[in-house]
Amino acid sequence: MTKRIATWNINSVRLRLPLVERFLKEHNPDVLCLQEIKCRQAEFPSSAFTALGYSHIALNGQKGYHGVATVSRLPIADMSTREFCEKGDARHIAATFAPGILQRDETVLHNFYIPAGGDIPDRELNEKFAHKLDFLDELTAWTMSHNLARENAILAGDLNIAPLETDVWSHKALLKIVSHTPVEVERMKRLIEAGPWVDAMRTMVPEPERLYTWWSYRAANWELANKGRRLDHIWLSQRLAPSLKSMTILKDARGWDRPSDHVPVIVDLED
DNA sequence: ATGGTTGGGGTCCAA
């Protein structure tokens, strides 16, 4: 048996609950990490998830903005959140799975929503960009305080950076666009090396094949223009990397009725 | 170069 983990920036879980239900029914993940739930804890539609068998829910909500939730049909032994940059934003939730549940050994799944960073890629002119860079630095320091060669850890979520040239529709056109600037890409590289984390998507589909998980709402025809970016990621600790069996980007979901601008990313891990 | 769309909460901000 394999275990299936998925991540999806849902852009309002209440508005798009029917889409989440469809995804769970059609793709049967064991655990789903959601970002941008855009609701407080008490407003999260828990009963709809429980009805589909996802009765274990780790939640870090916030009114109106951001917010992350990890829903699971496997029992969650422990959950915790860490506040980054002392901003009070709900951008992280960790769920711990006891030995024998997700993997033979204890496994921690970190669900992240990294700040988008605003429009101007200059930390002096744009406080949101400064926040994004500071968040990445804090995450790098946090990663270095772990021994990922010996831990089973997964980092999934909307990281709001497309690190490789083939993670965007045009490397040249996006060099000054927040999400693909050299300063962000450099910081993400440092973060990956700090683990080191293993990029599950690129392990299964190496460059130069293009991979996108997000298509802007602002394009008249997202599919025809295909100006995508790979903003969503699933990373594995080195110890967990050999378990990786497959990876899927559910591009179809971008064409569903009233879609999120992000699509689900799915990995299967041998347990 | 510019502007394009969406969601939440309230008459604008974040993405």
Side-chain angles (χ1 to χ4, degrees), chain A residues 7-23 33-45 48 59-69 83-92 111-123 125-136 156-163 167-181 183-185 188 212-233 251 253-265:
Chain A
T7 182
W8 194 8
N9 179 321
I10 195 61
N11 188 15
S12 174
V13 69
R14 288 177 293 176
L15 187 71
R16 281 183 245 288
L17 187 58
L19 277 63
V20 183
E21 290 174 324
R22 174 176 174 184
F23 172 69
C33 297
L34 294 167
Q35 301 86 37
E36 278 206 273
I37 60 173
K38 292 187 172 176
C39 66
R40 301 180 188 92
Q41 182 151 344
E43 296 162 337
F44 188 81
L59 187 51
N60 184 10
Q62 172 177 348
K63 179 181 172 168
Y65 303 106
H66 321 313
V68 289
E83 191 184 325
F84 286 79
C85 301
E86 297 175 347
K87 287 267 291 181
D89 286 357
R91 296 184 179 274
H92 169 251
N111 177 356
F112 273 102
Y113 176 49
I114 290 184
D119 288 332
I120 305 163
D122 183 328
R123 71 177 305 148
L125 299 175
N126 174 10
E127 185 269 323
K128 287 184 211 141
F129 194 70
H131 178 213
K132 184 178 197 175
L133 299 183
D134 292 346
F135 195 105
L136 288 162
D158 176 4
L159 307 188
N160 267 316
I161 296 174
D167 290 337
V168 292
W169 63 276
S170 166
H171 169 62
K172 210 177 152 193
L174 288 169
L175 274 170
K176 291 179 179 172
I177 302 297
V178 172
S179 73
H180 192 63
T181 63
V183 60
E184 293 167 84
V185 167
M188 177 167 269
Y212 310 143
T213 65
W214 174 90
W215 292 262
S216 172
Y217 284 128
R218 298 176 190 177
N221 187 334
W222 71 274
E223 199 165 20
L224 191 67
N226 199 26
K227 293 184 172 179
R229 304 177 203 170
R230 184 169 74 110
L231 303 181
D232 303 274
H233 300 266
K251 187 179 176 181
R254 187 61 180 78
W256 291 356
D257 189 41
R258 294 200 78 184
S260 170
D261 43 358
H262 296 253
V263 299
V265 181

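Naming convention: chains lettered A, B, ... in sequence-line order (proteins, then strands); numbering from 1 in each chain.
The separation between A:Leu231 atom CG and B:dA14 atom P is 19 Å, rounded to whole Å. Going from atom OH of A:Tyr217 over to atom C1' of B:dA15 covers 10 Å, rounded to whole Å. Rounded to an integer number of Å, the gap from CG of A:Leu15 to P of B:dG8 is 5 Å. Note: CD1 (A:Ile120) to C1' (B:dA14) measures 14 Å, nearest angstrom. Rounded to whole Å, the distance from CG on A:Asp158 to P on B:dA14 is 17 Å. Whole-Å rounding puts the A:His180 NE2 to B:dA15 C1' distance at 19 Å. Protein atom NZ of A:Lys38 is 15 Å distant from nucleotide atom P of B:dC13, rounded to whole Å. Rounded to whole angstrom, the span from the CD1 atom of A:Ile177 across to the C1' atom of B:dA1 amounts to 11 Å.
The same atom, C1', is picked in B:dG4 and in B:dA15; the two are 14 Å apart, to the nearest Å. Nucleotides B:dA14 and B:dG9 place their C1' atoms 12 Å apart, quoted to the nearest Å. Rounded to a whole angstrom, the distance from the P atom of B:dG7 to that of B:dG3 is 23 Å.
Considering only side-chain N and O atoms, A:Arg254 lies nowhere under 4.0 angstrom from the phosphate OP1 or OP2 of B:dT6. Regarding contacts with the backbone of B:dG7, a side-chain N or O of A:Arg258 is found under 4.0 angstrom from either OP1 or OP2. Within the 4.0 Å cut-off from OP1 or OP2 of B:dG10, at least one side-chain nitrogen or oxygen of A:Lys63 is found. Between A:Arg16 and B:dG7 there is a side-chain polar atom (N or O) within less than 4.0 angstrom of OP1 or OP2. Residue A:His66 places at least one side-chain N or O closer than 4.0 Å to OP1 or OP2 of B:dA15.
In this structure, of B:dG9, B:dG7, B:dA15, it is B:dG7 that holds the atom nearest to the side chain of A:Tyr65.
One N or O on the side chain of A:Asn111 and one on the backbone of A:Leu34 form a donor-acceptor pair closer than 3.5 Å.
Side chains of A:Ser179 and A:Glu184: no donor on one and acceptor on the other come within 3.5 Å.
Residues A:Cys39 and A:Asp89 each lie close to DNA chain B; by heavy-atom proximity, the contact nearer the 5' end of the strand is made by A:Cys39.
Residues A:Lys38 and A:Leu15 are not in side-chain contact: their nearest non-hydrogen atoms beyond the backbone lie 4.5 Å or more apart. Taking 4.5 Å as the limit, every side-chain heavy atom of A:Ser216 sits out of range of all side-chain heavy atoms of A:Lys227. A heavy-atom distance below 4.5 Å is not found between the side chains of A:Asn9 and A:Leu231.
In this structure, A:Arg91 reaches the sugar-phosphate backbone alone: every heavy-atom distance under 4.0 Å involves primed, P, OP1 or OP2 atoms, never a base.
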